[in-house]
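Atoms within each ligand, like the ligands themselves, are counted from 1 in listed order.
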Amino acid sequence: MKTIRLPVHVAFIMDGNGRWATRRLRPRAYGHKMGVQNMFRICGHAFHLGVRIVTVFALSAENLSRPQAELDELYELFRTFFDKKKEKLLELNAKIHVIGDLAALPEDVQASMHALEAETAGITSALLNICVGYGARQDVLQAVNKAVALGRFVDDASFHALLLTAGVPDPDFIIRTGNERRLSNFLLYQAAYAELYFSSKMWPEFSRRDLEKALVDYAARSRRFGNVGGKE
Ligand code: FPP
């Protein structure tokens with residue numbers, strides 16, 4: 001795997017946790033728990049293979065209107081992995097960056113996320129962006145409003161600097177599990193030239209081998225960025 005052309009930045013839409021659990025006659029919360037475990041497995045493997053930036057869609061702005069009981073279960077998972085078992089995240093040896101509107105989250109969860117960001121701020125070898133309460137349209141709109149408030153016209157570079165992902169290179173490769181083929185309001189501006197990959201596997205069953213297969217698929221693609229001929 002070391003010799004193929006790897007994406008610098010891989011983003012994951014970790015879909016299918018609920019369905020995976022329901023098919024096994026288990027509660028959706030069990031699917032989310034297994035989904036988090038797989039997040040550690042897959043992010044760890046991606047970094048191990050040489051990917052430098054990983055972004056995961058952990059909770060969308062739209063997910064915030066799910067039943068409160070399901071949200072509470074997700075918050076409890078965040079509480080566990082950003083606080084009680086935070087060594088699991090620290091083991092990834094990546095700088096943790098939480099992206100999104102955290103206002104709807106319980107305050108202790110927000111605080112533990114910020115604490116983990118501070119604790120990993122000095123790590124430069126790998127970056128893990130965790131999108132929580134995130135919506136791409138909401139992000140574009142807040143950036144537009146910022147530009148208007150500043151009375152500025154923007155170009156692509158200065159607009160990027162107003163987005164919540166400021167300073168993070170655009171994703172090269174977006175992988176969505178769960179047998180759905182859409183971006184669901186994820187990184188819409190940043191995904192302009194991202195290669196897309198859709199897996200029929202549900203997130204908890206997406207394996208290291210599946211990640212390697214996806215990366216081999218990426219390596220065989222010709223990225224022309226609107227230009228002609230050759231590889232990048
Ligand atoms: C979509 O699957 C996934 C989510 C709404 C949340 C995914 C979140 C995690 C895996 C947890 C991340 C945790 C940390 C600590 C960062 P779904 O449940 O909507 O699946 P479905 O489409 O089958 O219902």
Can you tell whether the side chains of R221 and D217 come within less than 4.0 Å, N to carboxylate O? yes
Lys/Arg-Asp/Glu bridge criterion (N-O < 4.0 Å) met for R137, E62: no
Given H9, which partner from the list D172, T55, D170 fulfils the side-chain hydrogen bond (donor to acceptor under 3.5 Å, both in side chains) test? T55
H45 versus E212, side-chain donor and acceptor atoms under 3.5 Å: yes
For the pair E117 and K95, find out whether any cationic side-chain nitrogen is under 4.0 Å from an anionic carboxylate oxygen. no
Tested for side chain to side chain contact (heavy atoms under 4.5 Å, CB included) against V54, the lone hit among L92, L128, L127, I42 is L128
Could you pull out every protein residue that has a heavy atom closer than 4.0 Å to ligand 1, ordered by chain and then number? M14, D15, G16, N17, G18, R19, R28, H32, G35, V36, M39, A58, N63, R66, F78, F81, F82, I130
